[in-house]
Amino acid sequence: MGIADLRREFALAGLQRDALHADPLVQFRHWFSDAADTRRASRIRKFFVSLYKSFLLLGGGAPGDVNAMTLATVDADGRPFARIVLLKGVDQRGFLFYTNYQSRKGQQLEAHPSAALVFYWPELERQVCVTGQVTKLPDAESDAYFQSRPRGSRIGAWASNQSQVIADREILDRQWREFESKYPSQVPRPPHWGGFVLRPDQIEFWQGRPNRLHDRFRYGRQTDGGWKIERLSP
């Protein structure tokens, strides 16, 4: 079977306008909870798709991290770059994530603070696409999150010059050992590491449906701070 022949039907659920919350960030938290299997209603649905997940596991695969998201940025020449990062929070400000500010994505966001996020939860046949402006989180907030990370991850933030070319693995391992010795107890947050928040201008919710007639709803931020909701053709 060729790649072009790989396909499946989407039939788990639909999405109606009257089921959408007026605030897309609240709607996102509902869907995120479904994907994380923390809401009571989602447990029933997850039961019926458990066989699908079992097939994944038997085939050597495993469901991805529910908070994994594709982050897309652009460089100075307008070339797009995308990678998977982890969502670390969502509130009325927007979507929160952390990284090395000197990494490729960090430098691109500094120069061009427009970005896009994509979440995909195949078990629920759902996708969320987000676009908006990115700003750095306050230092105190980045400090607090950094101290919640495992010690090894905190040392790693010092040891890795993210996105920079290195000759071999030994360099990375040696730097990790050096910082482990330098910080035997408390590991401070590096000044080049911290959080971003993406303030959404548009959020689109996609629910798979049969015959590729999917349900798509787009929230667009209005000048008064409210949201306009529109159904899109699939």
Side-chain angles (χ1 to χ4, degrees), residues 21-29 31-32 35 64-121 126-149 153-154 156-158 160-165 188-206 216-230 232:
H21 196 281
D23 187 329
L25 293 170
V26 174
Q27 180 66 36
F28 176 84
R29 285 194 288 267
W31 271 25
F32 188 88
D65 293 320
V66 67
N67 61 329
M69 60 185 184
T70 299
L71 167 65
T73 57
V74 296
D75 68 6
D77 297 320
R79 294 179 300 179
F81 289 80
R83 76 289 287 162
I84 301 297
V85 299
L86 297 179
L87 178 71
K88 291 300 179 180
V90 57
D91 57 30
Q92 288 309 111
R93 295 173 297 176
F95 300 83
L96 283 60
F97 59 96
Y98 294 84
T99 190
N100 186 315
Y101 291 142
Q102 297 175 352
S103 66
R104 183 170 63 188
K105 61 181 173 294
Q107 293 182 24
Q108 289 174 355
L109 288 171
E110 183 75 25
H112 303 280
S114 294
L117 305 173
V118 178
F119 298 85
Y120 181 51
W121 299 306
R126 286 176 173 175
Q127 176 179 257
V128 180
C129 300
V130 186
T131 58
Q133 298 295 302
V134 176
T135 57
K136 288 182 178 178
L137 290 174
D139 286 345
E141 194 166 352
S142 290
D143 287 339
Y145 173 73
F146 186 78
Q147 293 306 320
S148 74
R149 305 179 83 209
S153 297
R154 282 178 278 159
W158 283 98
S160 173
N161 298 317
Q162 192 175 113
S163 302
Q164 300 301 307
V165 175
R189 177 178 66 89
H192 57 265
W193 192 99
F196 286 104
V197 56
L198 186 148
R199 181 180 185 269
D201 298 320
Q202 289 189 357
I203 304 180
E204 179 186 323
F205 294 85
W206 178 99
R216 295 175 60 192
F217 286 94
R218 179 178 62 198
Y219 290 73
R221 190 185 293 274
Q222 304 299 289
T223 56
D224 62 0
W227 294 91
K228 181 180 180 180
I229 305 175
E230 299 173 301
L232 303 179

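Keep in mind that the numbers below use all heavy atoms, side chains included, and drop hydrogens, waters and symmetry copies. If you're wondering where the values come from, they're calculated on a predicted model, not measured in any experiment.
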Aromatic ring proximity Phe119/Phe32, centre distance under 6.0 Å: no
[X] versus [Y]: any side-chain heavy-atom pair under 4.5 Å?
{"X": "Phe81", "Y": "Val74", "result": "no"}
{"X": "Lys105", "Y": "Leu71", "result": "yes"}
{"X": "Ile203", "Y": "Arg218", "result": "no"}
{"X": "Gln162", "Y": "His192", "result": "no"}
{"X": "Ser103", "Y": "Thr99", "result": "yes"}

Hey, is the main chain of [Y] close enough, under 3.5 Å, to the side chain of [X] for a donor-acceptor pair?
{"X": "Ser160", "Y": "Ala157", "answer": "no"}
{"X": "Ser142", "Y": "Gly194", "answer": "no"}
{"X": "Asn67", "Y": "Leu87", "answer": "yes"}

Atom pair CG (Leu25) and CD (Gln92), whose distance is rounded to the nearest 0.5 Å: 5.5 Å
Straight-line distance of Asn161 CG to Asn100 CG, nearest 0.5 Å: 7.5 Å
With sequence neighbours excluded, residues passing ring-ring contact (aromatic ring centres under 6.0 Å, His included) with Tyr98: Tyr145, Trp193
Residues that Gln127 engages under side-chain hydrogen bond (donor to acceptor under 3.5 Å, both in side chains), provided they are two or more places apart: none
Ser114: partners by side-chain hydrogen bond (donor to acceptor under 3.5 Å, both in side chains), with sequence neighbours left out: Gln133
Residues forming a salt bridge (Lys or Arg N to Asp or Glu O under 4.0 Å) with Asp23, sequence neighbours excluded: none
Salt bridge (Lys or Arg N to Asp or Glu O under 4.0 Å) involving Arg216 - partner list, sequence neighbours excluded: Glu204
Who passes side chain to side chain contact (heavy atoms under 4.5 Å, CB included) against [X], sequence neighbours left out?
{"X": "Pro188", "answer": "Trp158, Tyr183"}
{"X": "Gln222", "answer": "Asp224, Lys228"}
{"X": "Thr70", "answer": "Ala82, Ile84, Val118"}

Full working for side chain to side chain contact (heavy atoms under 4.5 Å, CB included) between Arg29 and Val90: CA-CA 8 Å; Arg29 285 194 288 267; Val90 57; 3.7 Å; yes
Qualifying residue for ring pair (Phe, Tyr, Trp, His ring centres under 6.0 Å) with Phe28, from Phe95, Phe217, Tyr219: Phe95
Evaluation steps, side chain to side chain donor-acceptor pair (under 3.5 Å), between Gln147 and Arg189: CA-CA 8 Å; Gln147 293 306 320; Arg189 177 178 66 89; over 6 Å; no
Glu230 CD: over 12 foreign heavy atoms closer than 6.0 Å: yes
Quiz item: cation-pi between Arg126 and Trp206, 6.0 Å / 45°: no
Can you list, pair by pair, the side-chain donor-acceptor contacts under 3.5 Å of residues 195-202, counting residues two or more places apart and other chains?
none

[X] to [Y] - nearest heavy-atom pair and separation:
{"X": "Pro190", "Y": "Phe146", "result": "CD-CZ, 3.5 Å"}
{"X": "Glu110", "Y": "Pro113", "result": "O-CD, 4.4 Å"}
{"X": "Val66", "Y": "Trp121", "result": "O-NE1, 2.9 Å"}

Working for side chain to side chain contact (heavy atoms under 4.5 Å, CB included), residues Gln107 and Tyr101: CA-CA 6 Å; Gln107 293 182 24; Tyr101 291 142; over 6 Å; no
Any pair counted as salt bridge (Lys or Arg N to Asp or Glu O under 4.0 Å), so long as it reaches residues 78-96, sequence neighbours left out: Asp75-Arg79, Asp91-Arg93, Arg93-Glu141
Side chain to side chain contact (heavy atoms under 4.5 Å, CB included) between Gln164 and Gln102, intermediate numbers included: CA-CA 9 Å; Gln164 300 301 307; Gln102 297 175 352; over 6 Å; no
